[in-house]
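Right, one structure below, let's go through it.
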Protein chains: 2
Amino acid sequence: MAELLAGHGYRITGPRRAVIDAVVGRARPFTAEQIVAELKRVAPELGRATVYRTLEILASVDVLSRFLRADGHPAYIVGVPGHRHHLVCSDCGTVVAFTRCPVDDLVRDLSRDTDFAIQGHLLEVFGVCPECRDEPPAIAPS
Amino acid sequence: MAELLAGHGYRITGPRRAVIDAVVGRARPFTAEQIVAELKRVAPELGRATVYRTLEILASVDVLSRFLRADGHPAYIVGVPGHRHHLVCSDCGTVVAFTRCPVDDLVRDLSRDTDFAIQGHLLEVFGVCPECRDEPPAIAPS
DNA sequence: GCAACAATTGAGACAGTGTGTCAACAACAC
DNA sequence: GTGTTGTTGACACACTGTCTCAATTGTTGC
């Protein structure tokens, strides 16, 4: 991952390694602030801005991808570069990426009907994953 | 619009009227902060929290609908209740709502393939409207 | 019209998620 | 080892809200 940064002309620094270490191997999505909090424990001198900047860089080189959670807050997940969308579990945060994009046809039609020059779109699907669905809720419904 | 509020058991108050006045008749989307700024001029005593609360109430009774702009920030637009999506001009902010939702098929397939219990989705399309496209940019490209 | 009640308000503190600045530092090329 | 320049950490600031709480106001019943 570090080499990938170097390949893009970014320097390999201690703080960046720390962020990469904190991020690599995560299957679940995470927010920038989660990484900040975690690194505060192992490397208290590491600044908040550095974490934000590094995550941004990692996303820009497609090591991470950024997406919106159900509450509208941004989060990151390792991998899944390219044109993908996400199916996000509202309960545990598990993300399933999918490449099938049903918007293409729609975009063509919208473009024709409205004469807009379509630039992009945002599609996120929210639901509850099988694990969370099977688990009984912490507080039993009355 | 005020009667609609009353119909839902909300009181018709001065501040709420002011917010409704500021909002009604707008064809373009607006952010809560825009309304706050505008009302600051005509009714400086009106609080920020009140504007946020009132917009939220108006959205809850389907007088407004809330959506995300291209930059991820929330905005409101008058009307368009129900299941709609938005095509947003990244330049002037014009919104075109559309009801056609290509996600239904996808949701069914995703649900089958991933075993998620799909709850909802977020779809916004971004582009440049014909007016903005025809206008020469303020700073000529070099 | 008036009083009582409860909803609503305004002010301001606080939170989450970033961005911008700037002097000090450190990675890298030589 | 040195010089250059990208990077860092600290911190201020911005935006978009949410929350609290005493004061105010709309509404209802008389």
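We name chains A, B, ... by the order of the sequence lines, and we start the count at 1 in each one. Quick note: numbers below take in every heavy atom, side chains included, and nothing from hydrogens, waters or symmetry partners.
- Residue B/Arg16 places no side-chain N or O under 4.0 Å from the OP1 or OP2 atom of C/dG10.
- Listed for the A/Arg17 side chain is no donor-acceptor partner under 3.5 Å among the backbone atoms of A/Ile12.
- Stacking of A/Arg48 on the aromatic ring of A/Tyr52 is not recorded, the 6.0 Å distance cut-off and the 45° axial limit not both being met.
- Atom pair B/Ile12:CD1 and D/dT24:P shows a separation of 22 Å (rounding to whole Å applied).
- Within the 4.0 Å cut-off from OP1 or OP2 of C/dG10, at least one side-chain nitrogen or oxygen of B/Thr50 is found.
- Residue A/Arg53 places no side-chain atom within donor-acceptor reach of the base of C/dG18, judged by atom type and a 3.5 Å distance cut-off alone.
- Here B/Arg26 pairs with B/Glu38 in a salt bridge; the nearest charged N to carboxylate O distance falls below 4.0 Å.
- Atom CG of A/Leu55 is separated from atom C1' of D/dT7 by 15 Å (rounded to the nearest Å).
- Residue A/Val51 is the one, among B/Thr31 and A/Val51, whose nearest nucleotide of DNA chain D lies closer to the 5' end (criterion: closest heavy atom).
- Look at CG on B/Leu5: it is 15 Å from C1' on D/dT27, rounded to the nearest Å.
- Remark: A/Thr13 is in phosphate contact with D/dT8, judged by side-chain N or O atoms under 4.0 Å from OP1 or OP2.
- Taking atom CD on A/Gln34 and atom C1' on C/dG16, their separation rounds to 13 Å, with Å as the unit.
- Of the candidates D/dC19, D/dT8, C/dG20, D/dC19 carries the atom nearest the B/Ala49 side chain, counting heavy atoms from C-beta on.
- Of the candidate nucleotides D/dT8, C/dG10, D/dG17, D/dG17 has the atom lying nearest to any side-chain atom of B/Tyr52.
- A straight line from OH of B/Tyr10 to P of D/dT25 spans 22 Å, rounded to a whole angstrom.
- For A/Arg66 and C/dT17, the CZ to C1' distance is 9 Å, given to the nearest whole Å.
- Whole-Å rounding puts the B/Glu33 CD to D/dT18 C1' distance at 13 Å.
- Across all non-hydrogen atoms, the minimal contact from A/Ile118 to A/Ser111 is CG1-CB, 4.0 Å.
- Each of D/dG9, D/dT5, C/dG18 was ranked by its minimum atom distance to the side chain of A/Arg11; first place goes to D/dT5.
- The CG atom of A/Leu46 sits 14 Å away from the C1' atom of C/dA26 (whole-angstrom rounding).
- Scanning both residues, B/Leu46 and B/Ala18, for their nearest heavy atoms gives CD1-CB, 3.7 Å.
- Of the candidates D/dA10, D/dG17, C/dC28, the closest approach to any side-chain atom of B/Arg48 belongs to D/dG17.
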